[in-house]
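Residues: numbered from 1 along the sequence shown. Everything quoted here is computed from the prediction, not taken from an experiment.
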Amino acid sequence: MTLDAFHPFKAPESNPPAPEGWIELPSPGGFCDTFGPVHATRDGPGQFAVGFRCTERHLNPSHYCHGAALAAFTDMQAYGVQHLVGYEAAVVPTISMNIDFLSIVHPGDWVRGDIEVTRKTRNLVFAQMRCSVGDRPVMHARALFKVMAMHALADTTYFDRIGPEIERRFARIGR
């Protein structure tokens with residue numbers, strides 16, 4: 001028996017729109033394209049949240065959002081952490097993450113991750129992300145990121161473009 005018998009080919013899924021006030025984050029490609037899209041919003045200075053809509057590609061065999069999809073989303077908080085601390089240095093790679101899964105995420109749910117930088121040193125950034133679906137907490141994560149000088153990266157093209165592009169997209173929606 002082939003895997004096709006368990007999961008026959010399906011037409012590509014559509015990406016339902018994000019809630020009003022959210023922008024789609026520019027993707028660096030690779031796995032982010034497979035997972036995404038990931039969106040962002042900010043409710044004021046020093047605030048940044050990321051979000052995604054749970055779709056079929058994020059589901060586990062029980063038809064809830066897979067823990068690995070939520071873990072990947074947690075790692076994508078680096079988008080917000082980078083934007084909060086600026087683009088003089090790169091916030092890569094992720095050194096560690098601790099995740100507490102608090103509740104099930106259902107297909108169609110909008111998952112919002114509010115990001116807070118709790119501490120920054122010359123070489124490290126400490127952050128936490130609280131995720132919710134509406135008012136229901138679904139995940140809490142803490143992460144530690146390495147801070148690298150831009151000149152130490154093999155390619156800075158994405159970092160050179162991402163900050164201004166995020167700002168342009170926020171400006172278009174008045175954020």
| note | Hits for salt bridge (charged side-chain N to carboxylate O under 4.0 Å, His left out) against Arg175, two or more places apart or cross-chain, chain-then-number order -> Asp43

| said: Give me each pair satisfying side-chain hydrogen bond (donor to acceptor under 3.5 Å, both in side chains) with a member in residues 59-76, each pair once, sequence neighbours excluded. | reply: Asp75-Thr94

| query | If you group Ile, Leu, Val, Met, Phe, Trp and Tyr by side-chain heavy-atom gaps below 4.5 Å, do Val92 and Val38 land in one group? | reply | no

| Are Leu70 and Ile104 grouped together when hydrophobic residues (ILVMFWY) are joined by side-chain heavy atoms under 4.5 angstrom apart? | no

Name each donor-acceptor pair under 3.5 Å that joins a side chain in residues 79-90 to protein atoms two or more places apart or in another chain, with its distance.
unit_1: Gln82; atom_1: OE1; unit_2: Val91; atom_2: N; d: 2.7
unit_1: Gln82; atom_1: NE2; unit_2: Gly86; atom_2: O; d: 2.6
unit_1: Gln82; atom_1: NE2; unit_2: Ala89; atom_2: O; d: 2.9
unit_1: His83; atom_1: ND1; unit_2: Tyr87; atom_2: OH; d: 2.7
unit_1: His83; atom_1: NE2; unit_2: Glu167; atom_2: OE2; d: 2.6

| message | If the condition is side-chain contact (heavy atoms from CB on, under 4.5 Å), which residues does Ala40 pass it with, not counting sequence neighbours? | response | Ile23, Leu25, Phe48, Phe170

| Do Phe73 and His58 have their ring centres less than 6.0 Å from each other? | no

Using a 3.5 Å cut-off and no angle test, enumerate the donor-acceptor pairs between side-chain atoms of residues 150-159 and protein atoms at least two apart in sequence or in another chain.
unit_1: Asp155; atom_1: OD1; unit_2: Thr157; atom_2: N; d: 2.9
unit_1: Asp155; atom_1: OD1; unit_2: Thr157; atom_2: OG1; d: 2.5
unit_1: Thr156; atom_1: OG1; unit_2: Asp160; atom_2: OD2; d: 3.1
unit_1: Tyr158; atom_1: OH; unit_2: Pro26; atom_2: O; d: 3.0

| said: Taking the ring of His140 and the ring of Phe101, is the distance between their centroids below 6.0 Å? | reply: no

| For Ala49, which residues count as a side-chain contact (heavy atoms from CB on, under 4.5 Å) partner, sequence neighbours excluded? | Trp22, Thr41, Arg112, Asp114

| query | Can Val138 and Leu102 be said to form a side-chain contact (heavy atoms from CB on, under 4.5 Å), step by step? | reply | CA-CA 5 Å; Val138 295; Leu102 307 173; 5.6 Å; no

| query | Given side chains that start at C-beta, do those of Pro107 and Leu59 come closer than 4.5 Å, heavy atoms only? | reply | yes

| Over all atoms of both residues, closest heavy-atom pair of Met129 and Val50 | SD-CG2, 3.8 Å

| Residues forming a side-chain contact (heavy atoms from CB on, under 4.5 Å) with Arg53, sequence neighbours excluded | Pro16, Pro19, Thr55, Trp110

| remark: residues 24-39 vs salt bridge (charged side-chain N to carboxylate O under 4.0 Å, His left out), sequence neighbours excluded, gives none

| message | What's the separation between atom CE in Met139 and atom OG in Ser103, rounded to the nearest 0.5 Å? | response | 11.5 Å

| task | Could you grab the distance from atom CG of Leu124 to atom CG of Leu144, nearest 0.5 Å is fine? | result | 5.0 Å

| query | Can you name the residues that form a salt bridge (charged side-chain N to carboxylate O under 4.0 Å, His left out) with Arg172, not counting sequence neighbours? | reply | Glu165

| Sequence neighbours excluded - salt bridge (charged side-chain N to carboxylate O under 4.0 Å, His left out) pairs with any residue from residues 99-111 | Asp100-Arg142, Asp109-Arg136

| message | Testing the basics here: between Cys54 and Cys65, what is the closest heavy-atom pair and its distance to 0.1 Å? | response | SG-CB, 3.6 Å

| request: Name all pairs fulfilling the ring-ring contact (aromatic ring centres under 6.0 Å, His included) condition that reach into residues 112-131, sequence neighbours left out, sorted by first residue then second. | output: none

| field | Minimum heavy-atom distance Ser27-Cys32, with the two atoms named | value | OG-CB, 3.6 Å

| note | Heavy atoms of Phe52 and Pro37 approach each other most closely as CB-O, 3.9 Å

| Single-linkage hydrophobic cluster, 4.5 Å side-chain cutoff, Phe145 and Val147 together | yes

| field | For Pro93, all residues meeting side-chain contact (heavy atoms from CB on, under 4.5 Å), sequence neighbours excluded | value | Lys146, Met148

| said: Please determine whether side-chain contact (heavy atoms from CB on, under 4.5 Å) holds for the pair Gln77 and Gln128, giving the CA-CA distance in whole Å, both sets of side-chain angles, and the decisive distance to 0.1 Å. | reply: CA-CA 9 Å; Gln77 73 176 296; Gln128 65 179 355; 5.8 Å; no

